[in-house]
2 protein chains.
Amino acid sequence: MPPTLPTAENPSPENASSLPETDPRLILATARLKTAGLRVTQPRMTILEALCRQTSPVSIEYLHAGLPAGACDLVTVYRCMAAFERGGLVRRAVIHQGTSLYQVAFGQPETYHVVCRSSGTLAELSPEVSGELQKAVAKAREELRVKGYREVAHMLEFSGVAPPAAPR
Amino acid sequence: MPPTLPTAENPSPENASSLPETDPRLILATARLKTAGLRVTQPRMTILEALCRQTSPVSIEYLHAGLPAGACDLVTVYRCMAAFERGGLVRRAVIHQGTSLYQVAFGQPETYHVVCRSSGTLAELSPEVSGELQKAVAKAREELRVKGYREVAHMLEFSGVAPPAAPR
DNA sequence: GTGGATGCAAAGAATTTGCAACCAA
DNA sequence: TTGGTTGCAAATTCTTTGCATCCAC
């Protein structure tokens, strides 16, 4: 059976080593929060820390399930992600079976994904293709900027039926 | 007040003249249905006919509200749109406040949209930029095809805060 | 001090599912 | 004939909201 998207029920094992507060991405995250006019709170930093550990887009439920016990309420994660998205800290990467999956939007190249409608597998597009897409998206953003749009975000997702896993 | 997205409550007036069965797009739609292994039924043709009349992406609720009275159940529209999307007849264009908006995916150039998070206004990107995006998307599709993906679909949406409407 | 942020509980809304009847191929 | 489709009703599930309390700035 092909690997499926991690769910809130079976979160992938968290990296035990907690990121030090001096992690460059968290420092950047703090700056981004302030720039966006958002307050730097414990729940928010915990959420951003967990988000930075992810290697692929995750759902809010999954993210919450992976936080230290009692870190914060699920509703808070919803509210934070909405604020983060408006502030450009995170990006809604794909919508998988009606659920939004998010990824950090800073400190790393933008990568686009494809969701298998059959197995739920999530795969990345090649850096080359992601780069091409990013370029075209940049042009769109520029057009929108000129037209006066602010806080522009975008969501690009591919879906399809993945080939059966190669037999071994 | 800027124009907002049409809703199920205030559907825009339908064009009274019903499309003749010989409408090229409906003929194409019929062919697409068969190609996708889907049956050609009355509800489906009615839905596709209504969808072809739209000039911008619409929600399922809105689409259903615009159908002739008693044409078919709302659930049927949901199921048909899901089937159409898998079959490549329609494209989920944007997700507006948690609601998916669809548009036909054949017989017309692909256009991408931007949703205003403040007013709900939906606007098109220029044909030039949409074309650029389409090219990059085509490359992605090609990569996925080579990798063995079938029935590839994609969703690309921009959102932002639109500038205040110009005073007149 | 003050307005944004959070927790808890409850509501809201889009979408899905079960099942029997129906009909396109 | 037969498996895909549809209608109706009910359930599911993701997401949002209200409000009192709390805390970052």
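Chain identifiers are assigned alphabetically (A, B, ...) following the order of the sequence lines, protein sequences preceding nucleic acid strands; residue numbering begins at 1 within each chain.
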| Electrostatic pair A/Lys139:A/Glu143 at N-O distance under 4.0 angstrom | no
| request: Using five pairs at either end of the helix from C/dG1-D/dC25 to C/dA25-D/dT1, determine the angle between the two local helix axes and round it to 10 degrees. | output: 60°
Quickly work out the [X] [atom1] to [N] [atom2] distance and round it to whole Å.
X	N	atom1	atom2	answer
A/Lys34	D/dC25	NZ	C1'	10 Å
B/Arg117	D/dT16	CZ	P	13 Å
A/Leu74	D/dT16	CG	P	11 Å
A/Tyr78	D/dT15	OH	P	4 Å
A/Ile60	D/dT13	CD1	P	17 Å
A/Leu63	D/dT15	CG	C1'	16 Å
A/Glu61	D/dT12	CD	P	16 Å
A/Tyr102	D/dT15	OH	C1'	9 Å

| task | Starting from the 5' end of DNA chain C, give me the residue, A/Pro43 or B/Gln42, whose nearest nucleotide shows up first. | result | A/Pro43
| note | Residue pair A/Asp73/A/Arg39 against DNA chain C: nearer the 5' end by closest nucleotide is A/Arg39
| task | Kindly write out the residues that satisfy side chain to side chain donor-acceptor pair (under 3.5 Å) with A/Glu124, not counting sequence neighbours, or none if the list is empty. | result | none
| message | Checking B/Arg145 now: which residues fulfil side chain to side chain donor-acceptor pair (under 3.5 Å) with it, not counting sequence neighbours? | response | B/Glu142
Once ring-ring contact (aromatic ring centres under 6.0 Å, His included) is applied, do any residues pair with [X], and if so which ones, sequence neighbours excluded?
X	result
B/His113	none
B/Phe84	none
B/Phe158	A/His154

| request: Would you indicate, yes or no, if D/dT15 has its OP1 or OP2 atom less than 4.0 angstrom from a side-chain nitrogen or oxygen of A/Ser100? | output: yes
| Side-chain N or O of B/Thr41 less than 4.0 angstrom from OP1 or OP2 on D/dT6? | yes
| note | When rounded to the nearest 0.5 Å, the distance separating CG of B/Leu133 from CG of A/Leu133 is 8.5 Å
| request: Check the pair A/Glu61 / A/Ser59 against side chain to side chain donor-acceptor pair (under 3.5 Å), numbers first and verdict last. | output: CA-CA 5 Å; A/Glu61 287 255 357; A/Ser59 72; over 6 Å; no
| query | Using a side-chain heavy atom cutoff under 4.5 Å and only I, L, V, M, F, W and Y, what cluster partners does A/Val161 have? | reply | none
| request: Check salt bridge (Lys or Arg N to Asp or Glu O under 4.0 Å) between B/Arg117 and all other residues, then give those that pass, not counting sequence neighbours. | output: A/Glu151
| Could you give all pairs that pass the salt bridge (charged side-chain N to carboxylate O under 4.0 Å, His left out) test and reach residues 88-99 of chain B, with sequence neighbours left out? | B/Glu85-B/Arg92, B/Arg91-B/Glu110
| query | Along DNA chain C, 5' to 3', what are the outermost nucleotides having an atom less than 4.0 Å from a heavy atom of chain A? | reply | C/dG3 to C/dA9
Between protein and nucleic acid, restricted to nucleotides 17-22 of chain D and to nitrogen or oxygen atoms under 3.5 Å apart, what atom pairs and distances do you find?
from	atom 1	to	atom 2	distance (Å)
D/dG18	O6	A/Arg79	NH1	3.4

Can I get a per-line list of side-chain donor-acceptor pairs under 3.5 Å for residues 37-44 of chain A, giving both atom names and the distance, sequence neighbours left out?
from	atom 1	to	atom 2	distance (Å)
A/Thr41	OG1	A/Arg44	N	3.3
A/Gln42	NE2	A/Thr46	OG1	3.1
A/Arg44	NH1	A/Arg39	O	3.0

